[in-house]
Structure formats: C-alpha cells, structure tokens
There are 4 protein chains.
Amino acid sequence: MPGIGDNLKAELKAVIERIERLEEQKKLIADDIKEVYAEAKSAGFDTKILRKVITARKKSAEERAEEAAILETYLAALGDLADTPLGRAAVERDGF
Amino acid sequence: MPGIGDNLKAELKAVIERIERLEEQKKLIADDIKEVYAEAKSAGFDTKILRKVITARKKSAEERAEEAAILETYLAALGDLADTPLGRAAVERDGF
Amino acid sequence: MPGIGDNLKAELKAVIERIERLEEQKKLIADDIKEVYAEAKSAGFDTKILRKVITARKKSAEERAEEAAILETYLAALGDLADTPLGRAAVERDGF
Amino acid sequence: MPGIGDNLKAELKAVIERIERLEEQKKLIADDIKEVYAEAKSAGFDTKILRKVITARKKSAEERAEEAAILETYLAALGDLADTPLGRAAVERDGF
DNA sequence: ATTGATCACACCTTGC
DNA sequence: GCAAGGTGTGATCAAT
C-alpha cells in the first residue's frame with residue numbers, strides 16, 4: 001500500500017530519531033553534571049550552596065548580556081548620531 | 001595573601017567551571033531539540049502529537065529495561081537456589 | 001474584632017483542614033502499604049523483587065494509557081481531516 | 001503442571017493485588033489534595049504559601065508529639081516513683 | 001547507626 | 001496565563 005503517506009512516514013521517522021538522538025546526548029551530559037556534583041560532595045562541598053552559586057552566576061551572566069544589549073543599542077544610536085556634527089560633538093564630550 | 005583557603009578556592013573554581021561548561025553544552029543540545037521541533041512544525045507536523053510519541057517510546061524503553069532488571073534479579077535468586085540439590089529439583093520441575 | 005478578613009480566615013481554615021484531613025488519610029494508607037510489605041517479607045518474599053514487579057506493572061499501565069492518549073489525539077486530528085473531502089480521501093486510502 | 005509453586009504464586013498474586021489496591025486508593029487521595037489546592041488557587045489563595053503553612057503546622061504537630069512522648073516518659077518514670085512514698089511526695093508537690 | 005540508592009513531591013521553566 | 005515537562009530536594013528503604 002504505497003501512498004503519499006510514505007514520505008510523511010519517513011520524515012516522521014527521521015524527526016523522531018533526530019530528537020531521540022539529541023535527548024540521549026542531553027541525558028549523558030546531565031549525568032555528567034550529576035557526577036561532578038557527586039564528586040564535589042565527596043570532596044566536602046555543600047552541593048546545595050554550590051547550586052545556588054551556579055544559579056547566581058547564571059543570573060549575573062544574563063544581566064551582563066542584558067546590559068551589553070542595551071549598550072549595543074546605545075552605540076547603534078550613537079553611530080547614527082555620529083553622522084551629524086551635533087552627534088559627533090556629544091559622542092566626543094561623553095567619552096564614547 | 002596566600003592562605004589555607006587557596007586550595008579549596010582553586011578546587012571550587014574548577015568544580016564550578018566544569019559544571020558551567022557542561023551546562024553550556026546541555027543548553028546547546030536543548031536548543032537543537034527545539035530547533036528540530038520548530039522545523040517539524042514548519043513541515044506540518046503536530047508537535048503535541050510528536051511529543052506524545054517521543055514520551056511513549058521513552059516509556060516503552062524504560063519498561064523493557066525494568067523487565068530486564070526483574071528477570072536478572074529472578075535469575076540471580078534462582079542461581080542461589082540452583083546451588084542446592086533441592087533447589088535444583090524445584091527449578092527443573094517448574095520449568096525454569 | 002470582626003473585620004473584612006473574617007471570611008477569608010474562615011475559608012483559609014477550611015482549606016487547611018481539608019488538606020490536613022486528606023493527608024492524614026493518605027498517611028494511613030501509606031502505612032498500610034508498608035505493613036503489607038512487612039508481612040510479605042515475613043512470609044519469605046523478597047521485597048526488592050516485589051517492588052520491582054509492582055513498578056513494572058505500573059509502567060505497563062502508564063504506557064497503555066499513554067498510547068491510548070496518542071491514539072485519541074490521532075483520531076481527533078483525523079476527525080478534523082475527515083471534515084474535508086480531500087482529507088476524507090487520504091484517510092480512506094491510508095487505511096484509517 | 002501443578003506443583004509446590006502454586007501456593008506461592010497465589011500468595012504472591014494476593015500480595016501484589018493488595019498493594020496495588022492500596023496504592024490506587026492513595027493516588028485517589030493525592031488527586032483529591034491536588035484538587036483542593038486547585039480550588040484554593042481559583043479562590044485566590046497563593047498555593048505556595050498555603051503549602052508552607054501546611055508544612056509548618058506539620059512540623060509543629062511533630063514537635064508536640066515529640067514533647068508528648070517526652071512527657072509520657074517522665075510520667076512513666078513518675079509512675080514508678082509513685083510506688084514509693086518518697087516518689088509519691090514528689091509527684092504531689094510538683095502537681096503531676 | 002549510617003550511608004547510599006530509590007522514589008515521590010514540589011518548584012520552575014518552557015511551550016502553547 | 002495555564003498546562004506540562006524537566007529538575008532539584010526531601011523522605012524512605014535496604015544494606016552494611
């Protein structure tokens with residue numbers, strides 16, 4: 001019973017396999033992370049605190065990224081401004 | 001100001017960097033998975049069904065693993081029994 | 001000191017009591033389960049194997065439920081398709 | 001092939017069914033609890049806080065039970081003491 | 001008694 | 001904004 005469904009079936013199969021393959025890899029890495037935490041615990045670290053540190057650093061990184069994005073927006077605006085004499089003067093005065 | 005905490009600090013730093021590196025990799029893979037779902041959606045697949053299929057297949061795999069574990073446990077128990085003449089007789093009669 | 005908060009307070013009290021009553025019942029059942037395991041152990045059963053069997057059976061049930069859910073979703077999707085002449089033709093040809 | 005294993009099999013079946021029946025009941029109650037939380041949420045309560053309250057009350061109850069147990073131990077000791085004239089005097093004086 | 005593993009529960013993020 | 005899935009945490013149970 002070959003039909004138009006065959007292509008769909010093959011596509012579907014491919015999609016599912018790609019996802020399952022990726023999830024497998026993801027799981028391997030997640031297991032690695034658990035292992036690192038386990039080792040750290042054996043070495044006397046408090047994993048709960050450790051996790052908090054990681055989370056805090058992630059938040060900081062996000063904030064930095066946010067700030068960088070804002071800065072970039074400013075710079076882009078200044079770039080436009082820089083095309084005018086008035087803008088160029090402002091840029092120079094403010095040290096950009 | 002070198003002190004007794006320096007080794008700990010270095011260790012801690014190493015641990016955190018290992019974890020952050022792994023989490024970064026994990027995120028990359030998670031993003032890949034999202035991308036595959038997005039592509040599949042564009043190709044006309046219903047991602048809701050897709051996800052259900054994936055989880056169902058995962059469950060199947062887990063169940064098979066579970067059953068294999070039970071079988072192994074059974075066999076280990078039978079192996080112990082098999083070390084005694086009485087046990088061997090029982091095992092044979094019951095078709096194991 | 002009757003005030004506007006009184007209704008809320010009464011509601012809150014009722015909610016908390018309902019939950020605590022249910023959790024109490026839940027705990028009683030959990031204790032019953034423990035007791036059954038203890039009895040089984042006394043009767044010579046290996047509780048470890050017992051638990052594995054129970055969980056495997058649970059997984060089977062879950063998987064069946066999951067598959068039923070997928071089937072339902074499929075059928076719903078097909079039901080939508082079936083509302084169009086083109087869809088109906090495809091559905092019939094592919095044996096649904 | 002009737003054998004000595006048949007009784008075991010029947011017993012095993014009975015045990016498994018009892019446990020599964022109890023776990024089913026437990027799940028029903030757990031679902032009831034979820035439902036109460038859901039209703040509470042609809043009524044405008046913050047379920048997170050609600051859970052904290054429940055937990056805190058549970059802890060208090062445990063503490064009270066603990067204290068009651070200690071009290072009981074004391075009372076038992078006093079009961080023994082009460083069998084002696086000296087003990088009885090102490091009990092009376094301290095208001096037990 | 002303690003420790004390690006297993007499991008249910010609660011929280012939180014993500015997709016819809 | 002809600003529903004769902006993944007993740008972290010706490011409790012429970014076996015083994016030493």
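What you see is a predicted model, and the numbers here were worked out from it, not measured in a lab. In what follows, chains carry the letters A, B, and so on, assigned in the order in which the sequence lines appear, proteins first and then strands, with residues in each chain numbered from 1.
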Legend entry - Pairwise distance CG(A:D32) to CD(B:E23) - rounded to 0.5 angstrom: 12.0 Å
Legend entry - Phosphate OP1/OP2 of F:dG8: any A:R51 side-chain N/O under 4.0 Å: yes
Legend entry - Gap between atoms CD1 and P, on D:I33 and E:dA8 respectively (whole Å): 15 Å
Legend entry - Joint hydrophobic cluster, A:L8 plus A:I16, side-chain heavy atoms closer than 4.5 Å: yes
Legend entry - Spacing between B:L50 atom CG and F:dA4 atom P, to the nearest angstrom: 18 Å
Inset, instruction - Using whole Å, report how far NZ of B:K58 lies from C1' of F:dG6. - result: 9 Å
Inset, instruction - Return the value, rounded to whole Å, for the distance between atom CD1 of B:I49 and atom P of F:dA4. - result: 16 Å
Legend entry - Side chain of C:K26 - closest among E:dC16, E:dC9, F:dC13: E:dC9
Inset, instruction - Go through B:I54 and B:Y37 one step at a time and tell me if the side chain to side chain contact (heavy atoms under 4.5 Å, CB included) criterion holds. - result: CA-CA 12 Å; B:I54 299 275; B:Y37 274 113; 3.8 Å; yes
Inset, instruction - Between B:T47 and D:K48, name the one whose nearest nucleotide on DNA chain E is closer to the 5' end. - result: D:K48
Inset, instruction - Rounded off to whole Å, could you give me the CD1-to-P distance for the B:I54 and F:dA4 pair? - result: 18 Å
Inset, instruction - Would you please confirm or rule out a distance under 4.0 Å between OP1 or OP2 of F:dA11 and any side-chain N or O of C:K27? - result: no
Inset, instruction - Take the protein atom CD of B:E62 and the nucleotide atom P of F:dG5, then report the distance between them rounded to whole Å. - result: 13 Å
Inset, instruction - Answer yes or no: is there an ion pair linking C:R18 with D:E39, defined by an N-O contact shorter than 4.0 Å? - result: yes
Inset, instruction - Return the 5'-most residue of the pair D:Y37, B:K41 with respect to DNA chain E, ranking by each residue's nearest nucleotide. - result: D:Y37
Inset, instruction - Please report, rounded to the nearest Å, how far the P atom of E:dG4 is from the CD atom of A:E35. - result: 15 Å
Inset, instruction - Nearest-nucleotide wise, let me know which of D:K59 and B:K52 is further upstream toward the 5' end of DNA chain F. - result: B:K52
Legend entry - SB check D:K13 D:E17 (cutoff 4.0 Å): yes
Inset, instruction - May I have the distance from D:I19 (atom CD1) to E:dC7 (atom P), rounded to whole angstrom? - result: 14 Å
